[in-house]
Engineer: 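What follows is a structure written as structure tokens; I'll ask about it next.
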Protein chains: 2
Amino acid sequence: MDIEIQLQQVFDLPPGQVREISQYFVEETVGKGEFFLGNGQRADRLSFIASGIFRVFAQTESREVTQWIGGEGYFITDLSSFLFDQPSRWQIQALTDAKVLSLYKSDYQRFESLLPQWNVVEKRFIAKCFMVLESRVFDFISLSAEERYLQYFEQHKAFFNQVPLQFIASVLGMTPETLSRIRSKVGG
Amino acid sequence: MDIEIQLQQVFDLPPGQVREISQYFVEETVGKGEFFLGNGQRADRLSFIASGIFRVFAQTESREVTQWIGGEGYFITDLSSFLFDQPSRWQIQALTDAKVLSLYKSDYQRFESLLPQWNVVEKRFIAKCFMVLESRVFDFISLSAEERYLQYFEQHKAFFNQVPLQFIASVLGMTPETLSRIRSKVGG
DNA sequence: CAATGCCCTTGACATTTATCAAGAAGATAA
DNA sequence: TTATCTTCTTGATAAATGTCAAGGGCATTG
């Protein structure tokens, strides 16, 4: 997945500025199972997933809760930790071998002076993250578990052969057993 | 509720700049039951709730789903509509007589040139909205209905004597009957 | 190859939640 | 005040989901 194309889509910038930005993204590889962001660390980079799959999760008293699964073409970080320099609320682990392009905070912070449009771009990016979550909340209060599964399956078919279903179940807010039964019922 | 105090807390600005911003907020009154943002309109203002309670909801094929209830001290708008000039995904209705202080988009857009810090402030505001939703998603996948109720009750006691419980039930992702039974069980 | 570990599925059963219906309590309007 | 409307509660029942336990498939490792 080409980062320039993706940056263009996400940030909606002219090609010249995309090229200027993209050179600050540093390529990194992450092995399957590795922790990309550990417990209580600060997120010091915003990473574009060139290949591979990650999960974002937290530990509660009783169990691990996977909040989000990100694959190729998505960005991954703990946004509030990255933006506000707080200890992260989430851990991030690679579920497959992965390659990411990381924008480190030190470079990110210089964009404001480098690019006149940067604050608009940044605002748009954060606002889009907001909209995604807004839809997700609405799904939880308006759809059944089965409907949530069907929608997720349509939008993330690529995950289903590569990530343990228990993580997908958690993202959908149900137990692995329930997800398994829904799948056998609807024939996915 | 004083808007300058609130702006200071939300935007974390020095008093001088707060005063400069706050003069652009226009006082408006809204009667109980009135629609503050109608179906498919564009949100042309970001409003601070000085008094009163609003609900943000959408109509599905089968029923009305209340996504959010906002009271005194909160801001209310359809953020994605306001920021991106899209038709709103939500309707907003006053549940009580209310008084708001509205920042219209035409003024909002001038802040960027008026205040050097504005893009930082704006980014911080949107990011905080994001964090609230992030926590809310986590609550849906990690807490039981009863736990979600108890938490909501702790944080929003003021709503419970003023807004129909059916709306609160919807925000919590359950039916009014279930909310009623949880309340009688835990003795709220 | 055998052994191990991880993950998924399935069954039996318990719990939670939704649905439908009826009625009571409270607000609002005539 | 009386009538009407809305909202909340409660009961009976059905449906959905969780829990616990067992077993099987599949990959990895020795």
Side-chain angles (χ1 to χ4, degrees), chain A residues 31-35 53-55 57 60-66 69 93-97 139-153 156-188, chain B residues 31-35 52-53 55 57 60-66 69 93-97 139-153 156-188:
Chain A
K32 176 175 177 172
E34 262 184 57
F35 280 76
I53 304 179
F54 292 81
R55 75 178 176 120
F57 70 100
T60 70
E61 324 83 53
S62 57
R63 64 201 168 95
E64 250 177 38
V65 177
T66 297
I69 298 168
Q93 184 183 30
L95 296 177
T96 66
D97 288 338
D139 290 344
F140 274 113
I141 64 181
S142 67
L143 300 179
S144 68
E146 184 176 320
E147 288 167 326
R148 289 203 303 280
Y149 162 72
L150 287 170
Q151 179 177 305
Y152 194 85
F153 181 71
H156 303 281
K157 281 204 174 72
F159 292 165
F160 281 78
N161 287 325
Q162 297 179 80
V163 327
L165 292 177
Q166 53 180 318
F167 298 143
I168 294 177
S170 177
V171 169
L172 293 173
M174 63 187 77
T175 61
E177 293 93 335
T178 296
L179 177 59
S180 177
R181 290 188 176 107
I182 287 176
R183 279 165 62 78
S184 74
K185 180 184 163 202
V186 305
Chain B
K32 176 174 178 173
E34 262 183 57
F35 279 77
I53 304 179
R55 75 178 176 120
F57 69 101
T60 70
E61 324 81 55
S62 56
R63 62 201 169 95
E64 249 178 38
V65 177
T66 297
I69 298 168
Q93 183 183 30
L95 296 177
T96 66
D97 287 340
D139 290 344
F140 274 112
I141 64 180
S142 68
L143 300 180
S144 68
E146 185 176 319
E147 289 168 325
R148 289 203 303 281
Y149 162 72
L150 287 169
Q151 180 178 304
Y152 194 85
F153 181 71
H156 303 282
K157 282 204 174 70
F159 292 166
F160 281 77
N161 287 325
Q162 297 178 80
V163 327
L165 292 177
Q166 53 181 318
F167 298 144
I168 295 177
S170 176
V171 169
L172 293 173
M174 61 186 79
T175 62
E177 293 94 335
T178 295
L179 177 59
S180 177
R181 291 189 174 103
I182 287 176
R183 279 165 61 78
S184 74
K185 179 186 164 199
V186 304

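Each chain gets a letter, A, B and so on, in the order its sequence line appears, and its residues count up from 1.
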Engineer: With a 4.5 Å heavy-atom cut-off, do B/Phe159 and B/Leu95 have their side chains touching?
Structural biologist: no
Engineer: Using whole Å, report how far CG of B/Asp97 lies from P of C/dT28.
Structural biologist: 11 Å
Engineer: Write down the distance between CZ (A/Arg183) and C1' (C/dT10), rounded to a whole number of angstrom.
Structural biologist: 15 Å
Engineer: Whole Å only: how far is the CZ atom of B/Arg63 from the P atom of C/dA18?
Structural biologist: 9 Å
Engineer: Tell me, please, which residues at least two apart from A/Leu150 pass side-chain contact (heavy atoms from CB on, under 4.5 Å).
Structural biologist: A/Glu146, A/Val186
Engineer: Can you measure B/Leu165 atom CG to C/dA25 atom P for me and round it to whole angstrom units?
Structural biologist: 17 Å
Engineer: In whole Å, I'd like the distance from the CD atom of B/Gln166 to the C1' atom of C/dA27.
Structural biologist: 14 Å
Engineer: Would you call A/Ile168 and A/Phe153 a side-chain contact if the rule is heavy atoms closer than 4.5 Å?
Structural biologist: no
Engineer: Considering only heavy atoms from C-beta outward, does the side chain of B/Arg55 approach that of B/Glu64 to under 4.5 Å?
Structural biologist: yes
Engineer: Rounded to whole angstroms, how far apart are NZ on A/Lys32 and C1' on D/dA27?
Structural biologist: 9 Å
Engineer: Restricting to non-hydrogen atoms, name the atom on A/Tyr149 and the atom on A/Ile182 that form the minimum distance, rounded to 0.1 Å.
Structural biologist: CD2-CG2, 3.7 Å
Engineer: Return the value, rounded to whole Å, for the distance between atom CD of A/Gln162 and atom P of C/dC7.
Structural biologist: 15 Å
Engineer: Between C/dA18 atom P and A/Glu147 atom CD, what is the distance in whole Å?
Structural biologist: 13 Å
Engineer: Would you say the side chain of A/Gln151 lies within less than 4.5 Å of the side chain of A/Asp139, judging by non-hydrogen atoms?
Structural biologist: yes
Engineer: Using a 4.0 Å cut-off on protein heavy atoms (strictly under), produce a 5'-to-3' string for nucleotides 15-23 of chain D with B for base contact, S for backbone-only sugar-phosphate contact, and - for none.
Structural biologist: --SSBB---
